[in-house]
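My questions all concern the structure below.
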Protein chains: 2
Amino acid sequence: MRQIVEERTGSPTRQPSYAEPHHPGLRVATHVTVLHEGDPARRIMEVVEGAVMLTKLLPDGRRQVVELLGPGDVFGLAHDDAYACSAETLTPATIATHERSALERDPVLASRLLRRFEAQLCVMHSHALVLGRMSALERVAFFLLRLMPEGMVGGTLHLSMTRQEIADFLGLTLETVSRAFSELKRRGFVALQRADEVRIQDRGSMRRLAGAL
Amino acid sequence: MRQIVEERTGSPTRQPSYAEPHHPGLRVATHVTVLHEGDPARRIMEVVEGAVMLTKLLPDGRRQVVELLGPGDVFGLAHDDAYACSAETLTPATIATHERSALERDPVLASRLLRRFEAQLCVMHSHALVLGRMSALERVAFFLLRLMPEGMVGGTLHLSMTRQEIADFLGLTLETVSRAFSELKRRGFVALQRADEVRIQDRGSMRRLAGAL
DNA sequence: CGTGACCTTGACGTCGATCAATATTTGTGG
DNA sequence: CCACAAATATTGATCGACGTCAAGGTCACG
């Protein structure tokens, strides 16, 4: 069922979030669809905290997770005044929203969004390389490296995505993703405490598989 | 061999192009690599006229054409102060370049780039759907529709890309692209006067194949 | 007219999709 | 806390779309 941010928050006359000093956003629970592909694009949004995925659908129901967003990332982009993607939370999240017209008025906001768009565009470029040219095993290795920020070596990564969601992100099926996890485990590159708790054991081999990054 | 824009243009002390009123850019011939993945990212660039493709390479030589650019599109994006993609002209082109610092100084420029980044990000989102979830035939249909702007029905489209370049864009091999063209021709959806001259005969069927757009 | 780049087509192999059965985890009510 | 149901994950068997390898064919250019 459709469930949009505005329905989950108190007063509809609430001020735009950027006016608020310390918690400049709406709190949203896990697995909430924040906006829908095709809906009229009124606002532009920013992840303050948590994780959000953007998805697109084909008429026959095939789905692609086109982007994974974390704090600072921007979404709610428009093509012909309609949202180009749906957005769904992967974790509880805080989301800030801005009137599109604020982009003209507020050069500080515009400048932040510009930098962020540049970063996201670069990430999309790498993702095109992943989707267009990498094998299943390489894709999964790349995915895990991207989620495991350089610093946290030895730490355990909690995946807040199901195998199906990972598959839809990597252009695979859930079975293939599962087999790739098993294969990485078999090779000793990663360890899985549970299906959604991953530890990278051999970062070097993973990087070689993923082709740098 | 490496051949960058600055080598092909007269004075190295030339003023930034946005200062020039009417031909605000550098002229570049076909098949010139304007910038190289990994090089220090000094400038940000804009296609004024012509077509440019952005490519990324894997260490073993696999290539992905990550984006096709036309007039107005922006490239030369940086990740860690290095260009994230190589850029090569597909046709003779005019290219404007800006100091990265100009983004701070010039809000008009920043605003234009912001709008353009948004559009390009949307295009990348569709492309992820294409690469992740579409069959070879669907990808080629989608590709042709994107190059044939709604208006020019009945017109003949000149592809300025080889089968290999199209394949690298669509995440296929050149043979598969060639077979897809043949299949579209066999079905009567397109006509090929020459390998690089396409006419779309049945736009409806093409759209159904490509899943809207 | 010959050479090289590009394209087409065919035969065959392979990686990942599909179909299916089982295992594991999560959530719910007694 | 346990029993059961539902969701999610794993693994195996088979199939098919696309990749690979190979042999011409077409076109532009000197």
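Predicted model, so just to flag it, every value in this text is computed and none were measured. Residue numbers begin at 1 in each chain, while the letters A, B, ... track the order of the sequences.
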Does some side-chain heavy atom of A:Val140 sit less than 4.5 Å from a side-chain heavy atom of A:Leu170?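 Yes, their side chains come closer than 4.5 Å.
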Side-chain donor/acceptor of B:Glu175 to base of D:dC18, under 3.5 Å: no
Roughly how many Å is it from CE in A:Met134 to C1' in C:dC15, rounded to a whole number? 17 Å
Classify the nucleic acid contact of A:Thr173 as base, sugar-phosphate or nothing, counting any heavy atom under 4.0 Å across all strands shown. base
B:Gln193 CD to D:dC27 P, straight-line distance once rounded to whole Å: 13 Å
Does a salt bridge link A:Arg116 with A:Glu46, judged by any charged N lying under 4.0 Å from a carboxylate O?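 Looking at A:Arg116 and A:Glu46, the cut-off is not met.
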In whole angstrom, give the distance that lies between atom CD of B:Glu197 and atom C1' of D:dA28.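 Atom-to-atom, B:Glu197 to D:dA28, this comes out as 14 Å.
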When rounded to whole Å, the CG to C1' distance for the pair B:Leu192 and D:dC27 reads 15 Å
Do the side-chain N or O atoms of B:Thr176 get closer than 4.0 angstrom to the phosphate oxygens (OP1, OP2) of D:dC18?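 Checking D:dC18 against B:Thr176, no side-chain N or O comes under 4.0 Å of OP1 or OP2.
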B:Arg187 bridged to B:Glu183 by N-O distance under 4.0 Å: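 Looking at B:Glu183 together with B:Arg187, the answer is yes, because their closest N to O distance falls below 4.0 Å.
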At 4.0 Å (heavy atoms only), tell me whether B:Leu172 reaches a base, stays on the sugar-phosphate, or touches nothing.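 Result for B:Leu172 = sugar-phosphate.
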What do you reckon, is CG of A:Asp81 surrounded by more than 12 foreign heavy atoms closer than 6.0 Å? no
Between C:dT8, D:dA9, D:dA28, which nucleotide has the shortest distance from any of its atoms to the side chain of B:Arg194?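 Nearest to the side chain of B:Arg194 among the choices is D:dA28.
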Any side-chain heavy atom of B:Arg100 sitting closer than 4.5 Å to one from B:Arg42? no
Whole angstrom value for the distance that separates P of D:dA9 from CZ of A:Arg163: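 Answer to the nearest Å: 6 Å.
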B:Met161 CE to C:dC7 P, in whole Å, measures 11 Å
Please report the distance, rounded to the nearest Å, between CD1 in A:Ile166 and P in D:dT10. 9 Å
Closest to side chain of A:Thr162, choosing from C:dT8, D:dT10, D:dT8: D:dT8
May I have the distance from A:Leu137 (atom CG) to C:dA17 (atom P), rounded to whole angstrom?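 The answer, rounded to whole Å, is 13 Å.
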Base, sugar-phosphate, or nothing for A:Arg179, non-hydrogen atoms under 4.0 angstrom? base
Taking the minimum atom-to-atom distance to the side chain of A:Ser182, which one of D:dT10, D:dT20, C:dA17 wins? D:dT10
